[in-house]
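Remember, it's a predicted structure, so these values are computed and weren't measured experimentally. Numbers for residues simply follow the sequence, beginning at 1. Counting convention: from 1, in listed order, for ligands and their atoms alike.
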Amino acid sequence: MRIEKLAIANYRNYASADITLGGGVNLFIGENAQGKTNLLESIYLASVGRSARTPRWQELIKWGEKEAFVRIRVRKDVGGDEIAVRLGAEKHILINGMPITRIGELMGVLKTVLFSPDELAIVKDGPGERRRFMDIALCQLSKAYFYTLTRYNKILSHRNKLLKSHPSAAELEVWDIQLIKEGARVVKTRRGLITRLTGLAVDIHRDVSGGETLALTYEGAGGETLAEIEGTLEAELKRNRERDLQFAVTHVGPQRDDIAITADGVDLRSFGSQGQQRTAALSLKLAEMELLKEESGEYPVLLLDDVLSELDENRQAKLLERIKSYQTIITGTSVSAEVREAIGQYCEYGVVGGEVAQVR
Ligand SMILES: Nc1ncnc2c1ncn2[C@@H]1O[C@H](COP(=O)(O)OP(=O)(O)O)[C@@H](O)[C@H]1O
Ligand SMILES: [Mg+2]
């Protein structure tokens with residue numbers, strides 16, 4: 001799929017911008033603080049319903065204004081969709097002119113994969129970042145997963161609230177049954193994702209890193225089938241019940257899970273060099289592109305925010321080879337003549353003070 005048109009108004013530092021994008025590589029070039037990341041953020045917002053930078057969408061409205069708009073026309077192999085986001089006192093999302101009632105309806109309409117310097121956090125930071133990575137990929141792939149995860153989080157927050165009120169075992173049991181049911185689904189789906197992703201990421205990583213062997217392992221409740229995972233979760237919940245009551249928080253479940261990421265047997269989460277971590281994050285993102293393509297038949301749109309300049313020449317070249325197959329939106333302060341030559345055909349835009357002008 002690809003984005004044909006992006007129109008924004010009163011979004012961050014933009015009064016308005018109306019951009020027609022090319023189907024291949026699109027370069028957005030500008031100095032710092034001109035609005036390049038803001039553009040990608042608006043696309044990401046229309047893709048998953050929220051900003052990757054802030055949970056508070058009020059921040060996205062241009063200072064001094066009351067409402068912000070993002071409108072995106074998506075073209076697919078067959079047909080297309082128009083997504084409109086209006087941010088005011090409330091957040092409204094419309095697909096083809098129809099307001100959606102549940103955010104799940106937006107999932108998968110515009111599939112994107114975002115890679116920015118912040119995404120290094122997937123490898124480097126705490127497990128929360130890796131769970132976010134899995135969940136965003138899975139939500140774009142499957143509305144069912146989105147709804148399962150939403151239900152799980154609701155049950156979890158009810159249970160945590162209940163823990164504070166010294167509940168009886170029977171009271172807790174009611175929530176535990178539901179927690180186990182939805183939690184096992186989350187774990188099973190994520191584990192399936194990691195298995196599929198590993199198959200793709202290993203080859204990509206070997207290529208991009210020049211020979212390292214990447215390995216990914218889902219760290220969570222054991223078991224292959226739903227019934228097995230449910231069994232493990234149930235046993236672990238029982239074992240942790242006293243502790244849960246003492247601290248009024250649920251210690252067991254997919255909200256605690258992680259992915260182990262190793263290269264040649266070394267745990268990159270704690271022992272990877274900056275370069276290794278960056279390469280592994282890139283491999284994961286490129287593998288996610290391939291996975292989404294395998295699952296849905298079409299490549300998502302790749303958003304590369306300020307990452308080209310951070311990669312050494314060899315990795316840059318590997319990346320540029322791959323992005324020729326899909327629509328990519330790249331931001332940066334400058335792009336060298338060598339990179340331009342490697343890309344071949346592309347559209348280019350200048351970004352200055354919240355204004356965009358196509359220059360090629
Ligand atoms: N809500 C807002 N209203 C107006 N300007 C904003 C808002 N949020 C951020 N900005 C401005 O946007 C600019 C940053 O844009 P950004 O896209 O991050 O820049 P870059 O081109 O470096 O990626 C800063 O100048 C910042 O002050
Ligand atoms: Mg930026």
Peer 1: Is atom NZ of Lys188 surrounded by more than 12 heavy atoms (other residues, nucleotides or ligands) closer than 6.0 Å?
Peer 2: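 Atom NZ in Lys188 is not crowded, with 12 or fewer foreign heavy atoms closer than 6.0 Å.
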Peer 1: For the residue pair Pro300 and Tyr326, what are the closest heavy atoms and their distance?
Peer 2: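 That closest heavy-atom pairing would be O-CB, 4.1 Å.
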Peer 1: At a threshold of 2.8 Å, where the distance has to be below it, does the Mg ion (ligand 2) have an N, O or S atom of Thr331 nearby?
Peer 2: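 Not a single backbone or side-chain N, O or S atom of Thr331 is under 2.8 Å from the Mg ion (ligand 2).
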Peer 1: Could you tell me whether some N/O pair between Leu60 and ligand 1 is separated by less than 3.5 angstrom?
Peer 2: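 No, no N or O pair falls under 3.5 Å.
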Peer 1: Tell me if the CZ atom of Arg196 is crowded by more than 12 foreign heavy atoms within 6.0 Å.
Peer 2: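 Correct, the count exceeds 12.
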Peer 1: Taking only heavy atoms of Lys62 into account, list the atoms of ligand 1 that are under 4.0 Å away from them.
Peer 2: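 Listed by number with element, the hits are 3 (N).
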Peer 1: What part of Asp306 sits under 4.0 Å from ligand 1 if we count only heavy atoms: the side chain, the backbone, both or neither?
Peer 2: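 Neither part.
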Peer 1: Write out the residue and atom name of the closest protein heavy atom to atom 17 (O) of ligand 1, then the distance separating them to 0.1 Å.
Peer 2: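 Looking at atom 17 (O) of ligand 1, the protein heavy atom closest to it is Asn38 N, 2.7 Å.
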Peer 1: Under a heavy-atom criterion of less than 4.0 Å, does Gly35 contact ligand 1?
Peer 2: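 It does; at least one heavy atom falls under 4.0 Å.
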Peer 1: Taking only heavy atoms of Arg53, which atoms of ligand 1 are found under 4.0 Å from at least one of them?
Peer 2: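 Numbered from 1, ligand 1 contributes 18 (O).
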Peer 1: Which of the atoms of ligand 1 are close to Arg12, meaning less than 4.0 Å from one of its heavy atoms?
Peer 2: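 Near Arg12, the atoms of ligand 1 are 1 (N), 2 (C), 3 (N), 4 (C), 5 (N), 6 (C), 7 (C), 8 (N), 9 (C).
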Peer 1: Could you check whether atom CD of Glu31 has more than 12 heavy atoms from other residues, nucleotides or ligands sitting under 6.0 Å from it?
Peer 2: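 12 or below, so no.
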Peer 1: Measuring from the heavy atoms of Glu41, does anything fall under 4.0 Å of ligand 1?
Peer 2: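 No; Glu41 lies far enough from ligand 1 that no heavy-atom distance drops under 4.0 Å.
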Peer 1: Give a yes or no on whether a salt bridge exists between Glu182 and Lys154, defined as a side-chain N under 4.0 angstrom from a carboxylate O.
Peer 2: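 No.
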Peer 1: Which ligand 1 atoms are under 4.0 Å away from a heavy-atom of Glu31?
Peer 2: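 So the atoms of ligand 1 that pass are 21 (O).
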Peer 1: Who's the nearest protein heavy-atom neighbour of atom 11 (C) of ligand 1, and how far?
Peer 2: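 Ranked first by proximity to atom 11 (C) of ligand 1 is Asn13 CB, 3.9 Å.
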Peer 1: Look only at interatomic distance and state if Thr37 has a nitrogen or oxygen under 3.5 Å from any nitrogen or oxygen of ligand 1.
Peer 2: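 In this structure, Thr37 places an N or O atom under 3.5 Å from an N or O of ligand 1.
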Peer 1: Taking NZ, NE, NH1 and NH2 as the nitrogens, is one of them in Arg53 or Asp118 under 4.0 Å from a carboxylate oxygen of the other?
Peer 2: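 Result for this pair is no, no salt bridge flagged.
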Peer 1: Any atoms of ligand 1 less than 4.0 Å from a non-hydrogen atom of Gln34? List them with their elements.
Peer 2: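 Near Gln34, meaning under 4.0 Å from one of its heavy atoms, ligand 1 has 19 (O), 20 (P), 21 (O).
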Peer 1: Going by the atom numbers of ligand 1, which of them fall below 4.0 Å from some non-hydrogen atom of Asn32?
Peer 2: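 Counting atoms of ligand 1 from 1, those under 4.0 Å from Asn32 are 22 (O).
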